[in-house]
Amino acid sequence: MKNFADLTEREVLAVAISSEEEDSRIYMSFAEDLKERYPDSAKIFEQMAEEERGHRHMLLEMYEQRFGPHLPPIRREDVKGFLRRRPVWLTKNLSLDTIRKEVETMELQAERFYVKAAEQAQDVGVRRLLGDLAEAEKGHEEVAAKLTDRILSSDVRAEEDRTNRRMFVLQYVQPGLAGLMDGSVSTLAPLFAAAFATHQNWQTFLVGLAASIGAGISMGFAEALSDDGSLTGRGSPWLRGLTCGLMTTLGGLGHTLPYLVPDSWANAFWIATGIAGIVVFFELWAIAFIRARYMDTPFLQAVFQIVLGGAIVLAVGILIGAA
């Protein structure tokens with residue numbers, strides 16, 4: 001790799017040309033990814049890609065005037081100091097916010113490159129062109145804002161916000177809620193059965209810990225393997241699986257941790273069981289609230305399904321353990 005200060009004027013222009021070409025393709029990939037979900041926002045990135053092609057054409061003309069038609073095989077990856085970016089544009093179904101943040105990073109990098117390149121350039125024409133491009137990259141954010149104001153009407157914005165919310169629910173809330181429900185409800189029976197069968201807090205804690213982690217692993221893999229997201233737009237299967245698995249484990253650990261109360265305490269079992277019961281109460285009501293808030297489930301229906309169902313599972317566990 002070469003230091004930026006060691007680049008010749010020819011190499012600086014070659015890096016700029018390849019960078020503008022690559023950025024144009026990246027913007028087009030963003031536009032294609034957004035076309036079905038956010039067609040109006042996709043137009044913004046199509047126009048930004050067209051601007052990058054215009055910049056490349058200007059640079060290429062200057063290069064041919066100075067050095068002829070042959071470009072040396074050098075790109076920004078071959079120069080020290082360029083920030084290595086994760087190629088998020090290779091990922092499908094990115095959120096609009098993620099794409100916009102990536103674009104901001106690209107623009108900032110391009111601006112810094114042109115500023116430094118202009119300072120280093122010896123030819124007046126090259127320096128002027130690089131300075132103009134630095135100003136253009138600096139103004140890209142303003143251009144994007146103007147394009148947004150022009151293309152995205154209030155109705156379109158509202159529709160895209162609704163779409164964004166649906167995507168958030170599909171990719172994060174739904175797998176997380178499924179995990180929380182499974183972890184909170186499915187571990188009730190084995191935990192409280194062990195509690196009332198042994199009246200030993202430490203033994204009960206071990207059962208709850210095993211049940212929580214086991215359920216988390218099972219639910220995580222089940223979610224990850226159920227849908228790759230290519231057709232449903234639910235995002236990365238492993239991210240969904242991780243979300244679901246973690247929430248499942250946390251759901252079970254919530255009412256398991258109270259059984260860390262030392263058995264040496266007076267009335268240790270009843271203290272731990274009382275705290276666990278309070279935790280279960282808040283867990284079930286929290287799940288009912290999330291279902292009503294994000295899953296468009298009527299609140300009373302969510303309460304009936306979750307709170308009543310959880311109470312039945314809890315009762316079954318106590319009855320089996322006390323038998």
Side-chain angles (χ1 to χ4, degrees), residues 171-226 238-295 297 299-323:
Q171 294 178 3
Y172 300 102
V173 176
Q174 192 178 74
L177 181 61
L180 186 60
M181 289 172 58
D182 185 85
S184 297
V185 176
S186 68
T187 57
L188 287 177
L191 178 75
F192 284 92
F196 280 84
T198 64
H199 280 240
Q200 296 292 319
N201 287 356
W202 179 246
Q203 300 300 323
T204 302
F205 171 77
L206 292 178
V207 171
L209 182 64
S212 301
I213 295 177
I217 294 173
S218 175
M219 285 291 290
F221 275 103
E223 176 63 36
L225 298 175
S226 66
W238 296 110
L239 180 60
R240 293 196 328 270
L242 180 63
T243 301
C244 184
L246 285 176
M247 293 305 294
T248 302
T249 303
L250 290 175
L253 288 177
H255 44 258
T256 298
L257 291 176
Y259 285 96
L260 283 173
V261 171
D263 287 307
S264 58
W265 289 14
N267 298 316
F269 171 76
W270 293 110
I271 292 173
T273 301
I275 296 173
I278 294 172
V279 172
V280 170
F281 174 83
F282 283 105
E283 282 178 346
L284 297 178
W285 280 93
I287 293 171
F289 172 78
I290 295 172
R291 281 179 59 85
R293 174 70 175 81
Y294 289 102
M295 307 303 292
T297 304
F299 183 69
L300 292 179
Q301 180 181 338
V303 170
F304 180 80
Q305 292 173 341
I306 301 301
V307 178
L308 181 60
I312 293 174
V313 174
L314 175 63
V316 168
I318 293 174
L319 289 173
I320 292 175

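Throughout, numbering of the chain's residues begins at 1 and tracks the sequence.
- Residue pairs meeting the side-chain hydrogen bond (donor to acceptor under 3.5 Å, both in side chains) criterion with at least one member in residues 258-275, sequence neighbours excluded: Tyr259-Thr273.
- Other residues, nucleotides and ligands contribute at most 12 non-hydrogen atoms within 6.0 Å of the CZ atom of Phe221.
- The two atoms that bring Met219 and Ala178 nearest to each other are CE-O, 3.8 Å, heavy atoms only.
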Under 3.5 Å, which donor-acceptor pairs link side chains of residues 205-218 to any protein atom two or more places apart or in another chain?
unit_1, atom_1, unit_2, atom_2, d
Ser212, OG, Gly208, O, 2.8
Ser212, OG, Gly252, O, 3.4
Ser212, OG, Leu253, N, 3.4

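- Under the rule for a side chain to side chain donor-acceptor pair (under 3.5 Å), the partners of Thr187 that lie at least two apart in sequence or sit in another chain are His255.
- Contact between Gly254 and Glu283 at its shortest, heavy atoms only, is CA-OE2, 3.4 Å.
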- request: Could you walk me through whether Val185 and Leu284 pass the side chain to side chain contact (heavy atoms under 4.5 Å, CB included) test, one step at a time?
  value: CA-CA 8 Å; Val185 176; Leu284 297 178; 4.1 Å; yes
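- Taking all atoms of both residues into account, the shortest heavy-atom contact from Ala272 to Pro258 is CB-O, 3.3 Å.
- Rounding to the nearest 0.5 Å gives a distance of 5.0 Å between OG1 of Thr248 and CG of Asp182.
- We find the CG-CG distance between Leu180 and Leu246 to be 12.0 Å, quoted to the nearest 0.5 Å.
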What donor-acceptor contacts under 3.5 angstrom involve side-chain atoms of residues 306-314, with partners at least two apart or in another chain?
none

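- Pairs passing the side-chain hydrogen bond (donor to acceptor under 3.5 Å, both in side chains) check and including a residue from residues 302-323, sequence neighbours excluded, read Arg291-Gln305.
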Using residues 189-202 as the side-chain source, report each donor-acceptor pair under 3.5 Å to any protein atom, sequence neighbours left out, with the distance given to one decimal.
unit_1, atom_1, unit_2, atom_2, d
Thr198, OG1, Ala194, O, 2.7
Thr198, OG1, Gln200, N, 3.2
Asn201, ND2, Val261, O, 2.9
Asn201, ND2, Ala268, O, 3.1

